[in-house]
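In what follows, residues are counted from 1 in the order of the sequence shown. For the numbers below, each heavy atom of this structure counts, side chains included, while hydrogens, waters and symmetry mates do not.
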Amino acid sequence: MTVTDQDPTEHADEPDDDAHHGGGDRGAPVDECATRTDSTETWDDGLIARRVAETAEGDRFPMADNRSAASPTVTPLVHEGSLRSRLEALRELVGLSRTRLDSRTLSGAGRVLDEAAARRRLSGQHTVVAIAGATGSGKSQLFNALAGVTISETGVRRPTTAAPIACSWSDGAAGLIERLGIPPRLRRRPMPTGDGESPLHGLVLVDLPDHDSAAVQHRRHVDRILGLVDAVIWVVDPEKYADAVLHERYLRPMAAHAEVMFVVLNQVDRLPGEAAEQVLDDLRRLLDEDGIALGEYGEPGTTVLALSALTGDGVGELREVLGQFVSERGAANRRISADVDVAAARLWPLYATQRRTGLSEQAREEFSDRLADAVGATAAGEAAERAWLRNANRACGTPWLRLWRWYQDRGEPTTGRLPSRTQADEEATARQRVEHAVRTVADRASAGLPAPWAQAVREAALRGSQGLPEALDELTARAGVPAGRPPRPGWWPVAVLTQACMTILQFLGGLWLLGQIIGVMAPNLGVPVLLMVIGIVGGPLIEWSCRMAARGPARRYGLEAERRLREAAAGCGRARVLDPVAAELLRYREVREQYGRVVGAGR
């Protein structure tokens with residue numbers, strides 16, 4: 001019900017001698033009684049008996065004295081199950097959000113928790129109701145009419161009520177009144193009915209200064225106490241019931257507190273004929289435009305009544321409705337529940353989202369793929385495959401081909417300039433790819449989140465990206481293609497031995513032919529030529545067969561090297577970026593769950 005950001009403890013002790021009943025120049029009997037009270041012993045809890053004092057004209061007004069009474073046992077307020085659950089969820093929500101949201105944003109929810117805790121320690125058998133209204137609305141007249149005794153001064157001079165005055169119908173409300181900052185000299189007891197317990201037993205009625213007073217201190221009293229009472233009776237008159245200040249500053253912001261509000265149209269004795277009903281209907285229309293639910297047809301909401309505090313017409317109906325309201329002992333819990341609703345509504349943009357949030361599996365895989373591309377996992381796998389094939393060709397190739405390749409490798413120039421420049425370019429490109437991958441995954445993870453949580457996700461990803469390129473380079477060196485020759489399959493020795501046999505056959509055939517040419521051996525061309533042909537054709541054929549057979553193992557070897565590098569890059573990215581981002585998303589889901597408890601349990 002708080003309508004301003006005033007500190008609840010601000011000006012708690014501000015009422016002074018000049019503020020009492022609008023000034024000290026009128027010599028009212030109430031002031032005299034208060035003066036005598038201040039000069040005698042201290043009141044125990046502000047709940048005192050009445051006494052009668054005569055005025056100069058001989059009229060008799062029931063006044064208050066300082067006769068002490070034994071302090072009764074106070075039964076603290078008990079929060080009902082749903083409200084207790086909502087308060088616990090709100091407390092958990094604030095705790096989880098402190099590191100992500102600024103203290104000013106959470107101050108409203110913190111005040112609700114503090115005030116709920118303070119109210120819980122006080123009497124649950126009393127209901128504190130404030131009477132508020134504009135200058136000249138007759139709220140002090142209504143206050144006196146409900147109390148049955150002249151307590152709050154009424155008159156022509158404005159403002160009349162300069163400080164809040166409390167009237168309690170039963171003992172044990174001292175803590176509640178002290179919480180409002182009302183001093184003992186401004187606490188009263190009503191006129192006893194003489195027929196047993198009053199129907200308003202448990203009521204603490206507070207007459208507030210005018211909410212439109214020209215005195216800033218008076219308005220501060222109103223705003224502060226409205227944030228602390230259990231319910232409020234708004235008193236309006238036929239002239240100011242549509243006042244924009246009342247509706248825009250108080251009623252509209254308090255729409256969530258409809259169940260603990262009464263709106264009373266006073267001074268209906270000034271309206272002729274059916275004018276009172278017309279004004280009352282127009283007042284209901286304005287309240288409906290303010291978003292205030294009206295308690296009609298048995299539905300919960302604001303009670304709207306018409307009465308005349310001067311003539312007493314309708315006061316009995318208000319007293320009856322107020323008595324039933326107080327006897328239910330539920331106003332304090334309903335007030336706190338409405339405060340939680342208001343706090344939750346203000347926090348809605350910080351926790352709620354209309355779209356699904358989080359990091360999908362596809363986004364995770366794409367992030368891992370981008371990191372793998374940055375470290376060159378595919379290229380490393382292809383290089384490993386080529387290395388395996390090259391090793392197979394060297395082991396199973398013909399001696400003549402191997403000799404030729406050795407000659408070519410020896411003749412290639414090695415200056416070292418071009419490779420170093422290419423390596424620097426590749427490192428710069430890899431760093432750009434890593435940064436792009438981090439930005440992309442952060443944007444996807446934060447998409448749809450409320451601004452503070454989206455910022456937290458992006459910051460977590462940015463922190464994790466620091467040093468990530470260097471870590472990936474180190475992993476590439478460790479998890480890349482192993483140094484040395486690739487492993488050989490079991491059939492390689494057989495292929496090498498067969499290739500050696502083909503070479504031996506070539507040498508045997510050549511020596512046989514040479515022997516025949518020089519006449520050492522008998523002429524026989526068929527056998528040596530056949531041996532040479534077998535060796536010459538068989539060598540390349542074996543080399544080709546080995547190359548075909550090596551494709552499968554080479555491919556598997558390359559894929560294994562690529563897989564190891566991809567997993568290493570993905571693990572590094574997960575540990576440095578994805579896990580911190582997931583932690584922030586988990587925290588958001590936790591606070592969203594708590595926010596759902598705060599909101600959902602009350603609807």
Side chain of [X], backbone of [Y]: donor and acceptor closer than 3.5 Å?
X	Y	value
Asp339	Ala109	no
Ser465	Leu462	yes
Arg224	Leu180	yes
Thr302	Ala258	yes
Tyr588	Tyr351	yes
Thr105	Leu101	no
Thr440	His436	yes

Could you check if a side-chain atom of [X] sits within less than 4.5 angstrom of a side-chain atom of [Y], using non-hydrogen atoms only?
X	Y	result
Val581	Val441	no
Cys572	Arg576	yes
Leu350	Pro452	yes
Leu93	Leu347	yes
Tyr595	Leu90	no
Leu77	Leu122	no
Val263	Thr303	no
Val342	Val112	no

Apply side-chain contact (heavy atoms from CB on, under 4.5 Å) to Val229 and Val260, showing your working. CA-CA 10 Å; Val229 297; Val260 291; over 6 Å; no
Whether [Y] and [X] form a salt bridge (side-chain N of Lys/Arg under 4.0 Å from carboxylate O of Asp/Glu) is what I want to check.
X	Y	value
Glu92	Arg597	no
Arg334	Asp230	no
Glu470	Arg431	yes
Arg563	Glu560	yes
Arg179	Glu115	yes

Determine whether Val222 and Leu226 satisfy the following criterion, side-chain contact (heavy atoms from CB on, under 4.5 Å), listing intermediate values before the conclusion. CA-CA 6 Å; Val222 174; Leu226 283 179; 3.7 Å; yes
When rounded to the nearest 0.5 angstrom, what is the spacing between [atom1] in [X] and [atom2] in [Y]?
X	Y	atom1	atom2	result
Leu585	Leu449	CG	CG	6.0 Å
Ser97	Glu590	OG	CD	10.5 Å
Leu559	Glu382	CG	CD	10.0 Å
Phe367	Arg574	CZ	CZ	10.5 Å
Phe325	Glu259	CZ	CD	9.0 Å
Leu87	Ile336	CG	CD1	6.5 Å

Determine, stepwise, if the pair Val598 / Gln594 fulfils side-chain contact (heavy atoms from CB on, under 4.5 Å). CA-CA 6 Å; Val598 173; Gln594 295 300 329; 5.5 Å; no
Where do [X] and [Y] come nearest, in terms of heavy atoms and distance?
X	Y	result
Arg100	Trp453	CG-CZ3, 3.2 Å
Ala442	Ala461	CB-CB, 3.7 Å
His79	Ala116	NE2-O, 3.7 Å
Arg458	Asp443	CD-OD1, 4.3 Å
Ala582	Arg364	CB-NH2, 4.0 Å
Pro450	Ala352	CG-O, 3.6 Å

Asp290: which of Arg285, Arg249, Arg252, Arg284 passes salt bridge (charged side-chain N to carboxylate O under 4.0 Å, His left out):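 Going through the options one by one, the only one that passes is Arg252.
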Would Glu562 and Arg566 satisfy salt bridge (Lys or Arg N to Asp or Glu O under 4.0 Å), going step by step from the backbone distance to the final call? CA-CA 6 Å; Glu562 180 180 352; Arg566 283 183 175 275; 3.0 Å; yes
Does Val375 form a side-chain contact (heavy atoms from CB on, under 4.5 Å) with Leu371? I'd like the steps, not just the answer. CA-CA 6 Å; Val375 300; Leu371 292 185; 5.8 Å; no
Should the ring pair Trp234 and Tyr250 be called parallel, tilted or perpendicular, given that the plane angle runs from 0 to 90° and is split at 30 and 60?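 Ring orientation of Trp234 relative to Tyr250: tilted.
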Check whether the side chains of Asp341 and His257 place a donor and an acceptor atom closer than 3.5 Å, and report yes or no.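 No pair is found: no donor N or O on one side chain lies under 3.5 Å from an acceptor on the other.
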Gln362 and Glu366: side-chain donor and acceptor closer than 3.5 Å?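 Note: Gln362 and Glu366 side chains meet the donor-acceptor criterion.
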Show the numbers, then the answer: is there a salt bridge (Lys or Arg N to Asp or Glu O under 4.0 Å) between Glu80 and Arg86? CA-CA 10 Å; Glu80 56 189 12; Arg86 297 182 69 196; over 6 Å; no
